[in-house]
**Q** 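Have a look at this one.
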Amino acid sequence: MLVDLRRCIGCHACSVACKTEHRVPLGEFRMRVRWLPRPDRPGISFLPLFHPDTCDFGANRARYGLAPACVDACPTDALVFGDGAAAGATVTRTAKRLSAKPLETSTRTRADVLYVSQEDWHGEAIHSGVELSPEDTDIIYEQGRRG
Amino acid sequence: MADLTRREFLQIAGGATAAVGMLGVRPEDVHAEASDASPIDYERARAVPTICFGCTTHCGVIGWVEDGRVRKIEGNPLDPNTRGAICSKANGMISYTYAPTRIVYPMRRVGKRGEGKWERIEWDEALDEIASRMKALRDGGTPERFVFHYGRDKTKGFTKRFTDAFGTPNRLNRRSICSSNRRAPLMSFYGREFEWESQDVENTQFILNFGSNVMEAHQGGLFMVKRIVDARVERGAKLVTFEVRPSATASVSDEFHLVKPGTDGAIALAMAHVIVREGLANEAFWKRWANHPLENIRKHLEPYTPAFAERESGVSAADIERLAVAFAKAAPRCCTLSNRGSAKHYNGVQADRAIRMLDVLVGNVGEPGGFCLSSPRMWKNRYGQEGLPVVDQPAPAPGPLEPWKPGTRMFASLPAAVQERVAAFPEDWQKRYFGELATPSEYPLSWHWYPMRVGQLVYPYIREGRQKVEVYMSYTLGAAYGYPEATVAREVLRDETLIPFHVAIDISYSEQAALADIILPDATSLERWDAHSTNSYDLVPYTGIRQPLVEPLGEARPVQILLRDLARRVGGGMEHHFDFDRVEDYYRAWYENLPVSWDELKRRGIWQEAGRKKDYGLHERELPATELQGSATDAETGIIYRDGAKKQAIGIRVDAKALRGFDTPTRKITIHEPLFPLAARHTGLPLDDVNAKALPEYQPISGHEDLADDEFILTTFKWNVHTQGRSTYWKHQAEIVHTNDIFLSPETGRRLGLETGDEVTVVVRRPRGRTYRSGEDEPVGTFRNRVRLLNGMHAKVAACSHHAGHWEHGPVAQARTEEDPTARAGMSAELRGGDPDVPERIWWAKSEGGTGGGVAINDALPINPTPLVGGQCWFDNVCTLRKA
């Protein structure tokens, strides 16, 4: 999976498609989009994260030749999915051209997700990663966990 | 119904096939095991194309249906606007179709109005009672006492057919709540066919965005997001945004400049000043197509220096100079973008006119990468639709209603002051005047171009007795929760002397339905038919159909059936306009002129004429000989009229050529608009008011000049997962955003001694300005809410989203995990089939240690229509903040 952060607008089409497709219970996420206030300048940084245990890149859809639900739903082509091992695969060439790298973090996320334009502060800011946490600084989701 | 497997659908949708092929996924490469209990079987499931109703953008989508239930919504790659994209709200349609407070049977109140006690009744019983009350009005010669008020009506004229056939002009809407302040400037500039513009953003190099949150909430926003992202990432286009808070759009912009609310007009005028001063105006274009001399504009712009705009807006003069030059140098591959951020202010109509003038100055209008126009409406051979098949509701449509001219019974029923005003109106307005609810006489520009109306005045006007009401029918309307000073709406809705009978038609129980006498269950967008058209960012008009994926739940019925059956009961001739058995037959007739079969249209969901030329330069196209036949040209202006009567302009002679021009009375772009001073004179608005000016002008908002330390401008906003107040009960949307903290800048927090999580008391003042007030008492309202400090907030702005704090609408919206507090007879709790999420897993409920469902704020926001046009000034509110 390739995530081009230059293209992500934080719209959540991916995570809602994922939850609808897989009937993921409220409170749990196979992937979600973090809305992290930027430490360097005004604005929000949008960061899709994938769960290392529960995200299977839409195995049920792959059976039919369909892209994962999140990729299918993404309105800006920020998510690109393909077989990284296949020689000449688009995803591989794109990843190389854009110097995409796994997220540099100690938090558990899927290791086979490569990011374009990650920020050096992302790794520390994501805390629990895909799961909800009271530590999150996002301006969404965890609003319900404070207070 | 279209019945496709995935493979069949992808065969007709070539784009999707290519996309899947490119990804090259092989099942054996996927190592993880599917953990779904019951994954969708895509070989067995049916794919049905339809039109989304998750917001007002209306994207082409495909629904997957399995065992009679809609499982999943994806994009329809045949939609030329979306090219297969969806947003998070598309799957919200599944949430609302199977919500526990979905109304599935007709209900009648037992006990007092608003008490919340209901009994399930039969359809016949409900319709008979409503029809007998309506028939009495018609028999008594007072059909106008039937008022139909909608919140979202995308039937493209079906409900108007009903009210016209019945004989009432009172088909009211909520356009002033939403977009009238940005529609009016556009229609003034380019004609009534263009209430919405279609910037060619995918080919642009420079976008100047004045307060549009296009990446989250703009009507038509999803049509633009990929085009803008592609233009930026692949082709280096610049997106420059003026905003009051770090919206998603501001966050992904190349430049994000904080502005003081309500000063966008000053910035736009200063940029125009720079463009003219630096000789960067496209004088040839201006001379050819603007209706006012550039020399006059130069003089008019003199006082609007960048230094002036800096003092007003806080954006530096140097930035204004630099951006004005960059914008003009990118021409014609540049465009402005604006929406509520610039428009929903007392001076917002003029602000948008100033912004629109920038495009004309640099001559990007109708150019590739520029500010383009593409017909948004159903096809009736209107401007921009030449050569397209007529796509319209089937005959016989009811005839036009009689205007309330002096001498009519209706006119005599008006208050004396209104009679005096209307009697002095130009004849053109008298012909279009239909009373104070449909055509408020103090807001003539809310209905001059087409009937936008002033929704937030409906309840105060009924309270004042400007219109007597006997039967009030609200259709998918959330006024009792979401209108400004919703307390007034609820007061009127509760008063049985003002509203003797209230019928609410909706898909879900709500604050509005709670104040009804009878509730009728509508089919949801996944269960019904509708015709569809909107403006095309592909710059080739297209049309599409919404079609049912599944049968309506319980006894819900599509509004078309409901109104047909009412019309048949009321009788008296109105039933002839509803002579169809199946709704599908009605829409099949609607689309009979399309050169594709009905079955093919249902298979594709969308139709666009292949090979049609893009809508660039519509104004430069020559009038064909067929249209010139019998025409008459005015020697002085060059305007070509349809015939010698010289009433209907169809083109203009330029350089000896007969060109179509723009769809305005002068066939040029209306920079100088005489309607504003005309309307001001007729309504008694002083001519020095900003809203009365013929040329785009800026004046600061009264009350914003010298804000005290504890005074702030309270602005509302939308999140990308929400659609006004109606999405808060969609479970996946609510999970992402369920509260509405007040965002403040860290600097403001320090000054007020506030930290994130602290509670404040917000007290909202009465606004100033010469427009309608629902009262003089101070304050308008007050509420308590938590604050959240956020870098990038304007230091004098308190931003609070307006969707939260519902007291009806079910457990998700109300953030409760106990047994559904609003489940009553007539709702779908027993029908929707086990959803283990609701209410048990609503983790943000207070009982689960969460913060609940936020705070309702609309009661505290004043009714504040812009003079003449009537758009609600949502972002002008002045409030004080104190730590609670």
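Proteins come first, then strands; the chains are lettered A, B, ... in the order of their sequence lines, and each starts at number 1. All values reported here derive from a predicted model rather than from experimental measurement.
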**Q** Looking at chain A, which one of B:Ile228, B:Asp41, B:Ile73 has the largest number of heavy-atom pairs inside 4.5 Å, strictly under?
**A**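 With the most close heavy-atom pairs to chain A, the winner is B:Asp41.
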
**Q** Quick check on A:Ala89 against chain B: is it the side chain, the backbone, both or neither that has a heavy atom closer than 4.5 Å?
**A**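 Neither part, no heavy atoms under 4.5 Å.
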
**Q** Would you mind checking if A:Arg6 and B:Glu234 are paired as a salt bridge, meaning a charged N to carboxylate O distance below 4.0 Å?
**A**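 A salt bridge is absent here (no side-chain N lies under 4.0 Å from a carboxylate O).
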
**Q** Which pair of heavy atoms, one from B:Glu735 and one from A:Glu28, lies closest together, and at what distance?
**A**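 Closest approach of B:Glu735 to A:Glu28, heavy atoms only: OE2-N, 4.4 Å.
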
**Q** Once rounded to the nearest 0.5 Å, what's the spacing between atom NZ of A:Lys19 and atom OG of B:Ser88?
**A**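 Result: 12.5 Å between the selected atoms.
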
**Q** How many angstroms lie between atom CH2 of B:Trp844 and atom CG of A:Leu132, to the nearest 0.5 angstrom?
**A**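 Separation between the atoms: 10.0 Å.
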
**Q** If every non-hydrogen atom of A:Gly43 is compared with every non-hydrogen atom of B:Pro246, which pair is closest and at what distance?
**A**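 Closest approach of A:Gly43 to B:Pro246: CA-CB, 3.8 Å.
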
**Q** Do B:Arg232 and A:Arg7 come close enough that some side-chain heavy atom pair is under 4.5 Å?
**A**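 The answer is no; the side chains never approach within 4.5 Å.
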
**Q** Contact part of B:Ala248 toward chain A, heavy-atom cut-off under 4.5 Å: side chain, backbone, both or neither?
**A**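 Backbone plus side chain of B:Ala248, per the 4.5 Å heavy-atom cut-off to chain A.
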
**Q** Tabulate, in ascending numerical order, the residues of residues 95-109 of chain A having at least one heavy atom closer than 4.5 Å to a heavy atom of chain B, or enter 'none'.
**A**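 The stretch does not come within 4.5 Å of chain B.
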
**Q** Side chain from CB out, backbone as N, CA, C, O: work out which of these in A:Val24 comes under 4.5 Å of a heavy atom of chain B, or both, or neither.
**A**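 The answer is the backbone of A:Val24.
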
**Q** What is the distance from atom CD1 of A:Ile139 to atom CG of B:Leu789, rounded to the nearest 0.5 Å?
**A**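 Result: 12.5 Å between the selected atoms.
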
**Q** What part of A:Cys8 gets within 4.5 angstrom of chain B, counting heavy atoms only: side chain, backbone, both, or neither?
**A**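 The backbone, not the side chain.
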
**Q** Go through A:Ala69, A:Pro37, A:Pro25, A:Gly10 and name the one with the most non-hydrogen pairs under 4.5 angstrom from chain B.
**A**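 When all of A:Ala69, A:Pro37, A:Pro25, A:Gly10 are compared, A:Pro25 has the most.
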
**Q** Say you draw a straight line from NZ of B:Lys72 to CZ of A:Arg23; how long is it, rounded to the nearest 0.5 Å?
**A**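 It comes to 12.5 Å.
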
**Q** Any side-chain heavy-atom pair from A:Asp77 and B:Asp230 closer than 4.5 angstrom?
**A**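 SC-SC contact between A:Asp77 and B:Asp230 ruled out.
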
**Q** Can you name the residues that form a side-chain hydrogen bond (donor to acceptor under 3.5 Å, both in side chains) with B:Thr82, not counting sequence neighbours?
**A**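 Applying side-chain hydrogen bond (donor to acceptor under 3.5 Å, both in side chains) to B:Thr82 gives none.
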
**Q** Taking all non-hydrogen atoms of both residues into account, name the closest pair between B:Lys731 and A:Leu26 and its distance.
**A**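 What the structure gives for the nearest pair is O-CD2, 3.9 Å.
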
**Q** Check whether any side-chain heavy atom of A:Val16 sits under 4.5 Å from a side-chain heavy atom of B:Ile736, and report yes or no.
**A**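 A side-chain contact under 4.5 Å exists here.
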
**Q** To the nearest 0.5 Å, how far apart are OG1 in A:Thr76 and CG in B:Leu222?
**A**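 Interatomic distance, A:Thr76 OG1 to B:Leu222 CG, rounded to 0.5 Å: 9.5 Å.
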
**Q** Which pair of non-hydrogen atoms, one from B:Ile86 and one from A:Pro75, has the smallest distance, and what is that distance?
**A**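 So the two residues come closest at O-CB, 3.5 Å.
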
**Q** If you compare all heavy atoms of B:Phe256 against all heavy atoms of A:Pro42, which two are closest, and at what distance to 0.1 Å?
**A**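 Residues B:Phe256 and A:Pro42, closest heavy atoms: CE2-CB, 3.9 Å.
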
**Q** With under 30° as parallel and over 60° as perpendicular, where do the rings of B:Tyr42 and A:Tyr64 fit, or are they tilted in between?
**A**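 Perpendicular, since the angle between the ring planes exceeds 60°.
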
**Q** For A:Glu131, look at atom CD and say whether over 12 heavy atoms of other residues, nucleotides or ligands are found less than 6.0 Å away.
**A**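 No, not enclosed.
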
**Q** Nearest 0.5 Å, please: how far is OG in B:Ser251 from CD1 in A:Ile9?
**A**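 Result: 11.5 Å between the selected atoms.
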
**Q** Hey, does B:Asn791 have a side-chain heavy atom less than 4.5 Å from the side chain of A:Arg38?
**A**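 They are not in side-chain contact.
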
**Q** Less than 4.5 Å to any heavy atom of chain B: does that hold for the side chain of A:Ser45, its backbone, both, or neither?
**A**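 Contact with chain B is absent: no heavy atom of A:Ser45 under 4.5 Å.
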
**Q** With a 4.5 Å limit on heavy-atom distance, are the side chains of A:Trp35 and B:Asn720 in contact?
**A**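 Yes - at least one pair of side-chain heavy atoms lies under 4.5 Å apart.
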
**Q** With a 4.5 angstrom heavy-atom cut-off, is it the side chain or the backbone of B:Glu243 that approaches chain A, or both, or neither?
**A**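 Contact with chain A is absent: no heavy atom of B:Glu243 under 4.5 Å.
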
